Q: 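Below: one structure in structure tokens.
Nothing here was measured: the structure is a model prediction, and the numbers come from that model. For reference, positions follow the sequence shown, starting with 1.
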Amino acid sequence: MERKIQKIDFTNQLILTTTTDGQVFYRSLDAFPLLKNAVAQQRNAYMIGRWGDDVRWEAIDEDIHISSLTKHPYHACV
């Protein structure tokens with residue numbers, strides 16, 4: 001089964017990506033300056049692409065591919 005994006009969440013410093021296989025991955029918002037500087041309303045206004053392999057934030061003109069979001073598995077101790 002090919003990994004697809006199911007949902008996106010944020011903490012103060014991280015973007016969390018949950019995939020359709022139930023895994024959660026994290027990246028620092030430092031890697032995505034437009035998202036880091038966006039307000040919560042802008043961050044939460046995302047659309048997962050048709051194929052489930054990218055995310056679009058129209059309000060801040062940002063597109064991110066799944067390969068950039070799934071580099072680090074998230075564990076509760078992070």
Side-chain angles (χ1 to χ4, degrees):
M1 181 170 120
E2 189 175 340
R3 182 173 287 146
K4 305 285 184 183
I5 299 168
Q6 182 174 15
K7 72 176 185 169
I8 301 289
D9 293 298
F10 295 92
T11 69
N12 288 338
Q13 303 296 321
L14 302 174
I15 180 171
L16 302 169
T17 304
T18 302
T19 58
T20 53
D21 59 3
Q23 294 187 54
V24 179
F25 298 87
Y26 76 96
R27 286 290 306 270
S28 170
L29 282 172
D30 290 335
F32 309 105
L34 292 175
L35 283 173
K36 183 177 182 176
N37 294 322
V39 297
Q41 183 178 7
Q42 291 171 315
R43 288 181 184 171
N44 292 322
Y46 66 87
M47 295 183 315
I48 297 171
R50 179 179 187 176
W51 310 113
D53 64 352
D54 67 307
V55 185
R56 169 90 179 141
W57 287 266
E58 189 70 34
I60 60 171
D61 194 25
E62 177 75 296
D63 299 281
I64 302 175
H65 190 264
I66 191 170
S67 62
S68 295
L69 296 170
T70 55
K71 294 183 179 192
H72 310 289
Y74 182 79
H75 303 285
C77 62
V78 170

Q: In Å and rounded to the nearest 0.5 Å, what is the CG to OG1 distance from Leu69 to Thr19?
A: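 Here the rounded value is 11.0 Å.
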Q: Show the numbers, then the answer: is there a side chain to side chain contact (heavy atoms under 4.5 Å, CB included) between Tyr74 and Thr17?
A: CA-CA 9 Å; Tyr74 182 79; Thr17 304; over 6 Å; no
Q: Report the distance from atom CZ of Phe25 to atom OG1 of Thr18, rounding to the nearest 0.5 Å.
A: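 The OG1 atom of Thr18 is 9.5 Å from CZ of Phe25, to the nearest 0.5 Å.
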Q: With a 4.0 Å cut-off, would you call Asp54 and Arg56 a salt bridge?
A: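 Here Asp54 does not pair with Arg56 in a salt bridge, since their nearest N and O are not under 4.0 Å apart.
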Q: If you group Ile, Leu, Val, Met, Phe, Trp and Tyr by side-chain heavy-atom gaps below 4.5 Å, do Val55 and Val24 land in one group?
A: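 No, because Val55 and Val24 fall into different hydrophobic clusters, even though each may have its own neighbours under 4.5 Å.
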Q: Identify whether Ile66 and Tyr26 are in the same connected component of the hydrophobic contact network (ILVMFWY, side-chain heavy atoms under 4.5 Å).
A: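 No: no chain of side-chain contacts under 4.5 Å links Ile66 to Tyr26.
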Q: Does Lys4 NZ have over 12 foreign heavy atoms under 6.0 Å away?
A: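 Atom NZ in Lys4 is packed in, count exceeds 12.
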Q: Extract all donor-acceptor atom pairs below 3.5 Å that involve side chains of residues 27-41 and protein atoms in other chains or at least two apart in sequence.
A:
{"unit_1": "Arg27", "atom_1": "NH1", "unit_2": "Ser68", "atom_2": "O", "d": "2.6"}
{"unit_1": "Ser28", "atom_1": "OG", "unit_2": "Asp30", "atom_2": "N", "d": "3.0"}
{"unit_1": "Ser28", "atom_1": "OG", "unit_2": "Asp30", "atom_2": "OD2", "d": "3.4"}
{"unit_1": "Asp30", "atom_1": "OD1", "unit_2": "Lys36", "atom_2": "NZ", "d": "2.4"}
{"unit_1": "Asn37", "atom_1": "ND2", "unit_2": "Pro33", "atom_2": "O", "d": "3.1"}

Q: Rounded at 0.5 Å granularity, tell me how far CZ in Arg43 sits from CG in Asp9.
A: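 If I round to the nearest 0.5 Å, the distance is 12.0 Å.
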Q: Let me have the donor-acceptor pairs involving side chains of residues 45-52, under 3.5 Å, with sequence neighbours excluded, atom names and distances please.
A:
{"unit_1": "Tyr46", "atom_1": "OH", "unit_2": "Ile8", "atom_2": "N", "d": "3.0"}
{"unit_1": "Tyr46", "atom_1": "OH", "unit_2": "Ile8", "atom_2": "O", "d": "3.4"}

Q: Which value, rounded to the nearest 0.5 Å, describes the distance between Ile64 atom CD1 and Trp57 atom CH2?
A: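 Rounded to the nearest 0.5 Å, the CD1-CH2 separation comes out at 4.0 Å.
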